[in-house]
Amino acid sequence: MKINAFFIIGAILIVGGGIALVRWQGNVLPASKYAETTPLGKTSQKNLGNSSSSDLNSGDKNAPPSVSAKLLASGLKTPVRPVWQGVVEYRQGKKDRPIQEEVVAGLSFCASADLNREAAVAEKSRSGVTAQTAALDSKVHAQSQMCARLSDADYELRSEILSGWAKDGDLEAMVAFYTAGPLGKWGTSTGPQTLEHPRVKEWQGQAVSWLNVAAQQGQIGALLLLSDVYGNKPVPERPNAVFSDLYDPTLSYAYAHAWHYLAGRDESKRQALLKSNFLNGAESGLSEEQRKLGRAESKKIIESLNGK
């Protein structure tokens, strides 16, 4: 996926076709099986029921979470100890909710730190050493102290735990499973993130399925992410990129249009402008016929969410 800037409107995360950093009950498609998914406007709501979870739930899964999955996966929660220590305890069998939360929060923090490091390198290559790049270097160094000794396999625990929570009906975890990225982390350092990688293909199918469930359960922000999913145009320099086989600009516009309609009117002028700019971007390059089809599909999506 492309890396783009993101911003927040109220509680809605906007991702302009790229990585979401921060950027919701029952049984959903098992993560161990890839399933073809159907857009919301073209299918009825799947029945949701109880699920039997994996060994993730050796702790008390009925205990109320102390921190939301959205916050834990945002990368904004600073670890209280080196992240590898929680990872080791988890791998040794301590899998109660507090350890799961610590591991997800810590790995999310370190995934964000990796992106900061890449940004620091890019900035220095453009402008050399400046006060700004020095400050960014200092931040990256401080973060690296908490993120030492982690491997790519450790980051996969992030997806594993979020998947367990999602199976238990946590709608925020369903969305966070997408934002965490394939193999638990966006970026080239996690290996070949293309659809030729079987587990990346599996992750893609599950991520889209859970975004649909989350949207059906009232998480309007999931519509925005679905617009992003279907808006990833295949490019020759990145063959078989994640979501590229789902590219459908008309459907992407439909989800953006539905989100724009459902996000509400109680907003500041700046928020209204940001929303309008996002919708304009989604319809850019579409023919009038495609826009007409997109608006018709948007109506179906809205009706399905309203239970009409």
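None of these values were measured; they are calculated from a predicted model.
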What is the minimum heavy-atom distance between [X] and [Y], and which atoms define it?
| X | Y | value |
| --- | --- | --- |
| Ala254 | Gly294 | CB-O, 3.3 Å |
| Ser108 | Ala73 | OG-CA, 3.3 Å |
| Ala214 | Ala222 | CB-CB, 4.2 Å |
| Pro79 | Gly106 | CG-CA, 4.3 Å |
| Ala166 | Ala173 | N-CB, 3.8 Å |
| Ser244 | Leu195 | OG-CD1, 4.2 Å |

For residues [X] and [Y], determine if any side-chain heavy atom of one lies less than 4.5 Å from a side-chain heavy atom of the other.
| X | Y | answer |
| --- | --- | --- |
| Phe109 | Lys77 | no |
| Leu72 | Glu172 | no |
| Val104 | Trp165 | yes |
| Tyr247 | Asn232 | no |
| Val103 | Arg158 | no |
| Leu226 | Asn212 | yes |
| Arg295 | Tyr253 | yes |
| Lys70 | Val175 | no |

Roughly how far apart are [X] [atom1] and [Y] [atom2], rounded to 0.5 Å?
| X | Y | atom1 | atom2 | value |
| --- | --- | --- | --- | --- |
| Phe177 | Asp170 | CZ | CG | 13.5 Å |
| Met174 | Leu162 | CE | CG | 11.5 Å |
| Lys185 | Cys110 | NZ | SG | 8.5 Å |
| Thr250 | Leu286 | OG1 | CG | 5.5 Å |
| Leu305 | Ile220 | CG | CD1 | 8.0 Å |
| Gln217 | Trp210 | CD | CH2 | 14.0 Å |

Candidate pair Leu246 and Leu251, rule side-chain contact (heavy atoms from CB on, under 4.5 Å), full reasoning:
CA-CA 10 Å; Leu246 300 179; Leu251 188 56; over 6 Å; no

Please answer: with hydrophobic residues joined when any side-chain heavy atoms are less than 4.5 Å apart, are [X] and [Y] in the same cluster?
| X | Y | result |
| --- | --- | --- |
| Tyr155 | Met146 | no |
| Leu150 | Ile161 | yes |
| Leu157 | Val83 | yes |
| Leu107 | Val88 | yes |
| Leu293 | Tyr230 | no |

Do Trp203 and Leu183 pass the side-chain contact (heavy atoms from CB on, under 4.5 Å) test, and can you show the C-alpha distance, the side-chain angles, and the key distance before you say yes or no?
CA-CA 8 Å; Trp203 171 86; Leu183 309 180; over 6 Å; no

Are the charged groups of [X] and [Y] less than 4.0 angstrom apart, N to O?
| X | Y | value |
| --- | --- | --- |
| Glu102 | Lys94 | no |
| Glu101 | Arg97 | yes |
| Arg91 | Asp154 | yes |

Which word best sums up how the rings of Trp186 and Tyr178 line up, parallel for under 30°, tilted for 30 to 60°, or perpendicular for over 60°?
perpendicular

Can you check whether [Y]'s main-chain N or O pairs, donor with acceptor, with [X]'s side chain at less than 3.5 Å?
| X | Y | result |
| --- | --- | --- |
| Ser74 | Leu71 | yes |
| Ser284 | Gly281 | no |
| Ser298 | Ala258 | yes |

